[in-house]
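For reference, the structure is listed below as structure tokens.
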Protein chains: 2
Amino acid sequence: MNTPENIERTSTGIDLENPSTRRAAQLTKALGHPVRLAILKLLCERDTCFCGDFTDVLPLAQSTVSQHLKVLKECGLITGTSQGVRTCYCLDPSGIQELHQNLVNLVDTFDTSNLSDCC
Amino acid sequence: MNTPENIERTSTGIDLENPSTRRAAQLTKALGHPVRLAILKLLCERDTCFCGDFTDVLPLAQSTVSQHLKVLKECGLITGTSQGVRTCYCLDPSGIQELHQNLVNLVDTFDTSNLSDCC
DNA sequence: TATAATTATCGTAATTATACGATGATTATA
DNA sequence: TATAATCATCGTATAATTACGATAATTATA
């Protein structure tokens, strides 16, 4: 597996252009806001939500909630489907699966058994 | 455990002031940049790094790297200890442990077996 | 068909993040 | 003691984020 990319990557130990690193950063960034965590949590509990369901329980303007939904949608974590006047929001199974795997990898990376009190 | 706060929280299902939610958002936000992920990854591999070790392998100005280190330090994920002219950076065991637990919780939250193709 | 309901988008303001060079502070070395 | 090395901080520029109200677009209802 010593393709040129791998050689270059392992030579520095760091490759900021690595797609999987970039994707991990994108996903964690999307999680990195209490409102978006709350939205995802509610979707985990309720399967299906309309935009109004979020605005009912969030102390934010409807336009702001819509913006957060857009962020989650654009990075593939949720879907939004028009149903009449309303939009039905759901977790996107493939995105959530990817997130899940990514988080598992991170948990693996930050394995607490490897920690040393160095200083 | 029906304190007024809990009643209010469970009535909406969402509490943005919940410290654990806020902390989860803070931690994921800190992870949400490729450079900071790279820094943490390198620390996982090498135990100990001086600031110069990062600037050697990152295509960024020293002041920028220092800023990213500050972010990670301020949310408790790394420590920085002066050793002569240099500063020794390490993973902060307690912060990493907290991160670990937080990520485990998230993995739990986004349990892929619960996913339904709703729309 | 007129009105109401729902949501996305636009415009905008304020704040935060990201990056750089310059500089200061501290410690080691000549 | 003068100089070099290392790193943090300051000042600053630019971009991105977060939030709001207003409004447009679409669909349902009277």
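Here is how names work: the chains are called A, B, and so on, in the same order as the sequence lines, proteins then strands, and each is numbered from 1.
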For [X] and [N], give me the distance from atom [atom1] to atom [atom2], rounded to whole Å.
X	N	atom1	atom2	value
Gln26(B)	dT17(D)	CD	P	19 Å
Lys70(A)	dT18(D)	NZ	P	13 Å
Leu58(B)	dC7(D)	CG	P	13 Å
Ile39(B)	dC7(D)	CD1	P	13 Å
Lys29(A)	dT16(C)	NZ	P	16 Å

- With heavy atoms under 4.0 Å as the rule, sort Lys73(B) into base, sugar-phosphate or nothing. nothing
- Message: With a 4.0 Å cutoff (strictly under), does any side-chain N or O of His68(A) reach OP1 or OP2 of dT17(D)?
- Response: no
- Message: With the threshold set at under 4.0 Å for non-hydrogen atoms, list the residues of residues 78-90 of chain B touching DNA chain C in residue-number order.
- Response: Gly84(B), Val85(B)
- Watson-Crick or G-U counterpart of dA30(D), or none if no pair lies under 3.5 Å: dT1(C)
- Of Val35(A) and Ser66(B), the one whose closest DNA chain D nucleotide lies more 5': Ser66(B)
- Counting heavy atoms from C-beta on, name the nucleotide in dA8(D), dA19(C), dT9(D) closest to the side chain of His33(B).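 That would be dA19(C).
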- Query: Hey, are Asp53(A) and Arg46(A) close enough for a salt bridge, meaning a charged N less than 4.0 Å from a carboxylate O?
  - Reply: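 Arg46(A) and Asp53(A): salt-bridged.
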- Message: What does the B/S/- profile of nucleotides 20-25 of chain D look like, 5' to 3', with a 4.0 Å heavy-atom cutoff to protein?
- Response: BBB---
